[in-house]
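Chain letters run A, B, ... following the sequence lines, proteins first, then strands; residues in each count from 1. As the structure is a prediction and not an experimental result, all values here were calculated from the model. Only this structure's heavy atoms are used, side chains among them; waters, hydrogens and symmetry mates stay out.
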Amino acid sequence: LSVPPKSNARPLSPHLQVWRWHITMASSIFHRATGAALYGGALGLAAWFGAAAFAPDLFAQVNALLFSPLGQVALYGLAASLCYHLANGVRHLIWDAGHGLEPKAANSSAWLVIGFGLLAPLGLWALALAKGG
Amino acid sequence: MAKTSSHKPHGASHFLQERVSSAALGLLAPVFAVLLVWGNDGSLETLRAWLSNPLNAWVSAAFLFVSVWHMMMGLDVIIDDYIGKPGVNGLLKTINYAVSIAAAAGGLWSIYSILTSPIAGA
């Protein structure tokens, strides 16, 4: 039995190093990256509810951390991930319906969802401040 | 030729579940985020009181449950994309299912527990 050679010198898929970054590519990569971050976020949310239900001391420690400057930055990252993944998810659903697939439209919508992801969390913080929390 | 891996390809059912869960989360996520931020001040007492309102409890439970369902499918796809070895692929997916089910079960149990006894320690 012959073992196939490990590499046969043919090019593999288009390589990261020879690709110019463009916005639709970035929006696709961000979708996966934010999705992975939100996996951690959902586990954190479940654990946060768990601490609220069964471990008040742990809950107090975690919340002190969440309201520290570093915790707020982490929460902003999580909120931005959620807002981005949500907006880009809607973009995918619109694509599934057969709309917005032209390069020009796809480029514009990529910028739109990135802007939404970065700015929409500020609305949540504004809401928290508005009610005086 | 790449070695054929043992995992099943994702079919129409997977595609539909992704879309249905996406559409549900498109509604649940903003509602959850706004209700949570609007109804809380960071204290345990307020969170427990907030969760003892059935609307907030149901929105939280639905958001958590559909999120976990959606993310379990999402990580499955990521595992398939990067892990071709059947053994490792299967092991990672099993861990994904176990972690997801534990998170959903634990989270829902916690919400139910607070809904039925809002005062901490009661």
Side-chain angles (χ1 to χ4, degrees), chain A residues 4 8 31-64 66-67 71-72 75 78-79 81-83 85-93 96-97 120-121 123-133, chain B residues 1 3 15 18-19 21-23 25-30 32-34 36-48 50-51 57 60-61 63-72 74-75 77-78 81 96 99-100 102-115 117 120-121:
Chain A
N8 51 12
H31 196 70
R32 177 157 289 192
T34 52
L38 290 168
Y39 192 106
L43 298 187
L45 181 65
W48 192 62
F49 283 144
F54 305 112
D57 293 343
L58 177 65
F59 183 90
Q61 287 171 11
V62 169
N63 258 28
L66 288 178
F67 282 87
Q72 290 287 291
L75 273 182
L78 199 60
S81 295
L82 182 67
C83 293
H85 200 88
L86 177 68
N88 201 47
V90 171
R91 183 168 168 247
H92 269 278
L93 291 176
D96 289 343
L124 287 175
W125 262 261
L127 193 65
L129 289 173
K131 70 164 289 250
Chain B
M1 257 323 265
K3 194 173 147 202
F15 180 89
E18 276 180 342
R19 266 83 202 151
S21 59
S22 301
L25 286 169
L27 185 68
L28 284 169
F32 170 77
V34 169
L36 181 75
V37 169
W38 187 250
N40 279 279
D41 57 11
S43 76
L44 179 59
E45 290 69 28
T46 309
L47 176 62
R48 293 187 65 109
W50 182 79
L51 273 176
S60 300
F63 174 63
L64 186 68
F65 183 82
V66 182
S67 292
V68 168
W69 174 30
H70 185 83
M71 82 189 197
M72 195 170 86
L75 191 58
V77 174
I78 294 180
D81 280 354
N96 178 27
V99 168
S100 297
L108 294 183
W109 180 37
S110 303
I111 292 168
Y112 177 78
S113 154
I114 295 172
L115 177 65
S117 66

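- With chain A as the partner, the residue from G74(B), G106(B), G42(B), G26(B) showing the most heavy-atom pairs under 4.5 Å is G42(B).
- At a 4.5 Å heavy-atom cutoff, T46(B) makes no contact with chain A through either its backbone or its side chain.
- Distance alone, capped at 3.5 Å, is enough to place a donor-acceptor pair between the R48(B) side chain and the A52(A) backbone.
- With respect to chain A, the highest number of heavy-atom pairs below 4.5 Å among L25(B), V68(B), V99(B) belongs to V99(B).
- Taking all atoms of both residues into account, the shortest heavy-atom contact from P56(A) to L44(B) is CB-CD2, 3.6 Å.
- Contact record, A46(A) with A103(B): CB-O, 3.5 Å, taken as the closest heavy-atom pair.
- Using a 4.5 Å cut-off between heavy atoms, Y112(B) does not touch chain A at all.
- Taking all atoms of both residues into account, the shortest heavy-atom contact from R19(B) to L93(A) is CG-CD2, 3.6 Å.
- The line from CZ of F32(B) to CG of L45(A) is 4.5 Å long, rounded to the nearest 0.5 Å.
- Rounding to the nearest 0.5 Å places OG of S110(B) at 12.0 Å from CH2 of W48(A).
- Partners of D81(B) under the side-chain contact (heavy atoms from CB on, under 4.5 Å) rule, at least two apart in sequence or in another chain, are R32(A), V77(B).
- Atom CH2 of W69(B) has more than 12 heavy atoms from other residues, nucleotides or ligands within 6.0 Å.
- The minimum heavy-atom distance between L64(B) and A42(A), with the atom names listed, is CD1-O, 3.9 Å.
- A distance of 9.5 Å separates CG in L86(A) from OG in S22(B), rounded to the nearest 0.5 Å.
- I78(B) touches chain A through backbone and side chain together, each having a heavy atom under 4.5 Å away.
- Contacts between F59(A) and chain B at a heavy-atom distance below 4.5 Å involve the side chain alone, from C-beta outward.
- Neither the backbone nor the side chain of L108(B) comes within contact range of chain A; no heavy atom of the residue lies under 4.5 Å from a heavy atom of that chain.
- Atom CE of M71(B) sits about 11.5 Å away from atom NE2 of H85(A), to the nearest 0.5 Å.
- Note that the CZ atom of F49(A) and the CG atom of L47(B) stand 6.5 Å from one another [nearest 0.5 Å].
- Partners of Q72(A) under the side-chain contact (heavy atoms from CB on, under 4.5 Å) rule, at least two apart in sequence or in another chain, are F67(A), L75(A), W125(A).
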